[in-house]
Number of protein chains: 2
Amino acid sequence: MNKKHGITFETFLKNFKLHVSKLGFKNSIQKDYILKILFYCDEHLTAEQIAHKVKVEYNIDVGIATVYRTVKFFEDLNLIDSLDVGDSVKRYELKIAEHHDHLVCTSCHKIIEFTDEVIEEKQEDIAKENNFILKDHAMIIYGLCEDCQ
Amino acid sequence: MNKKHGITFETFLKNFKLHVSKLGFKNSIQKDYILKILFYCDEHLTAEQIAHKVKVEYNIDVGIATVYRTVKFFEDLNLIDSLDVGDSVKRYELKIAEHHDHLVCTSCHKIIEFTDEVIEEKQEDIAKENNFILKDHAMIIYGLCEDCQ
DNA sequence: GTCTATGCAAACTGTTTGCAATTTA
DNA sequence: TAAATTGCAAACAGTTTGCATAGAC
């Protein structure tokens with residue numbers, strides 16, 4: 001069984017489709033395959049990359065406008081996160097893994113994920129101190145990776 | 001004396017102009033006034049906002065291309081930081097204050113700055129653990145501010 | 001059959017670039 | 001006067017939108 005994130009894609013897709021129906025929207029193979037790419041991909045993909053991968057890996061044509069619309073649709077459903085690493089291109093990733101932050105190499109643009117309990121807790125404190133209701137956060141550390149030093 | 005950041009703008013400008021000369025570049029009133037706007041402004045300004053403020057507050061016309069070029073020039077000099085809060089518009093701010101992070105209201109887009117020692121330290125650790133040479137970081141906490149809850 | 005989703009191309013936004021004219025040193 | 005800077009307009013990249021067609025329910 002091709003499990004990831006502790007669930008098979010088939011199960012995940014079934015739940016997703018049901019959810020879409022219940023909300024009164026319609027399913028499509030485009031949505032399915034964009035979701036599939038995001039499910040199996042470990043990287044943070046741009047809209048162009050998603051369209052390209054759907055074509056190359058599953059031989060399905062998806063217009064770039066559809067990718068943007070679908071990605072926004074997923075975002076509204078709170079299914080994905082979008083991330084701007086500083087180069088003004090949005091990258092997307094599924095939210096089913098646990099929350100993590102990013103370490104970005106300013107030379108080769110490699111992205112490494114990390115989680116830190118202390119930072120997670122501190123954020124709660126900071127939000128509280130400023131009377132904010134915490135919704136989300138993004139932390140990006142910029143540096144030079146081993147290979148680029 | 002109109003001091004800010006523990007220094008008058010006149011002194012700051014004089015140092016800046018000297019630095020520019022020493023590097024072999026040329027000074028201009030455009031650079032001066034863009035710097036002045038950034039010096040006195042507490043917010044994080046977009047290129048358009050900078051051009052607008054230079055016009056309104058000092059009645060100096062600056063082409064938008066010049067703002068972008070100047071802002072990049074300042075960035076190369078390590079004088080300013082650029083920040084993308086998630087809406088794909090770059091905002092700029094002078095770096096003379098101590099490093100800080102941002103708390104952004106997802107409803108009214110208010111930006112609150114904060115500093116946290118624990119987080120600063122933790123970042124060093126994380127960079128080290130991943131064999132990164134830390135260069136910079138950006139942390140944005142998203143939430144709902146008091147007024148928008 | 002109705003209503004949503006898609007694909008295309010055109011529009012749009014923020015940013016960059018080429019070039020001639022201007023300003024600085 | 002030589003070199004950097006400016007302003008304009010055109011170019012550009014990523015993203016969004018209008019509209020006619022195709023597909024889902």
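Computed from a predicted model, the values in this text were never measured in an experiment. In the text below, chain A, chain B and the rest are named by the order of the sequence lines, each starting its count at 1.
A:F12 and A:F9 have tilted rings, their planes meeting at an angle from 30° to 60° on a 0 to 90° scale.
Counting non-hydrogen atoms of other residues, nucleotides and ligands closer than 6.0 Å to NE2 of B:H102 gives a total above 12. The environment of CZ in A:F74 is crowded: more than 12 heavy-atom neighbours from other residues, nucleotides or ligands sit within 6.0 Å. Heavy-atom contacts from other residues, nucleotides or ligands closer than 6.0 Å to NZ of A:K110 number more than 12. Within a 6.0 Å radius of NZ in B:K55, other residues, nucleotides and ligands contribute more than 12 heavy atoms.
Across the interface with DNA chain D, nearest-nucleotide mapping of B:F73 and A:S28 shows B:F73 to be the residue nearer the 5′ end. Ranked by how close their nearest DNA chain C nucleotide is to the 5' end, B:I29 and B:A47 are led by B:A47. When each of A:A65 and B:V89 is assigned the nucleotide of DNA chain C with its nearest heavy atom, A:A65 is the one assigned upstream, toward the 5' end.
You'll find the side chain of B:L103 stays beyond 4.5 Å of the side chain of B:I140, heavy atoms only. In this structure the side chain of B:L94 reaches within 4.5 angstrom of the side chain of B:F39, judged on heavy atoms. Looking at heavy atoms from C-beta onward, A:E57 lies in side-chain contact with A:I37 at the 4.5 angstrom threshold.
At the phosphate of D:dG7, OP1 or OP2 sits under 4.0 Å from a side-chain N or O atom of B:T66. Of the side-chain N and O atoms in B:Q30, one or more sit less than 4.0 angstrom from OP1 or OP2 of D:dG7. OP1 and OP2 of D:dT15 both lie 4.0 Å or more from every side-chain N or O belonging to A:K90. Side-chain N/O atoms of A:N27 include one lying less than 4.0 angstrom from OP1 or OP2 on D:dC25.
Defined by atom type and a distance below 3.5 Å, a donor-acceptor pair is present between the side-chain atoms of B:E75 and B:S82.
Not one N or O on the side chain of B:E48 forms a donor-acceptor pair closer than 3.5 Å with the backbone of B:I64. Remark: the backbone N or O of B:I126 is not paired with any side-chain donor or acceptor of B:E129 at under 3.5 angstrom.
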Distances under 3.5 Å between nitrogen or oxygen atoms of protein and nucleotides 19-22 of chain D:
none

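If you check every strand for non-hydrogen atoms under 4.0 Å, A:K17 touches nothing. Within the 4.0 angstrom heavy-atom criterion, only backbone atoms of the sugar-phosphate kind lie near B:F25; the bases stay farther away.
What separates CZ of A:R91 from C1' of D:dG14 is a distance of 12 Å, to the nearest Å. D:dG7 atom P lies 14 Å from atom CD of B:E48, rounded to whole Å. Per the geometry, CD belonging to A:E75 stands 11 Å off P belonging to D:dT15, to the nearest Å. Distance OH (A:Y92) to P (D:dG14): 12 Å, rounded to an integer number of Å. Atom CG of B:L23 and atom P of D:dA4 are 13 Å apart (whole Å). Rounded to whole Å, the distance from CG on A:D32 to P on D:dG23 is 15 Å.
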* To do: Assess whether side-chain hydrogen bond (donor to acceptor under 3.5 Å, both in side chains) is satisfied between B:H44 and B:E113, documenting all intermediate values.
  => CA-CA 11 Å; B:H44 307 68; B:E113 299 173 352; 3.2 Å; yes

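With respect to B:K90 and B:D84, no salt bridge is recorded, no charged nitrogen being found less than 4.0 Å from a carboxylate O.
Recorded end-axis angle for the helix from C:dG1-D:dC25 to C:dA25-D:dT1 stands at 30°, based on five pairs per end and rounded to 10 degrees.
Boundaries of the chain B contact region on DNA chain C are C:dG14 to C:dA25, first to last in 5' to 3' order (nucleotide atom under 4.0 Å from a heavy atom).
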Using residues 114-121 of chain A as the side-chain source, report each donor-acceptor pair under 3.5 Å to any protein atom, sequence neighbours left out, with the distance given to one decimal.
from: A:D116; atom 1: OD1; to: A:V118; atom 2: N; distance (Å): 2.9
from: A:D116; atom 1: OD1; to: A:I119; atom 2: N; distance (Å): 3.0

Using distance only, find each side-chain donor-acceptor pair of residues 15-26 of chain B under 3.5 Å and give its atom names and separation, not counting sequence neighbours.
from: B:K17; atom 1: NZ; to: B:D32; atom 2: OD2; distance (Å): 2.9
from: B:S21; atom 1: OG; to: B:K17; atom 2: O; distance (Å): 3.0
from: B:S21; atom 1: OG; to: B:N27; atom 2: ND2; distance (Å): 3.4

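Residues of residues 49-64 of chain A that place a heavy atom closer than 4.0 Å to DNA chain D do not occur.
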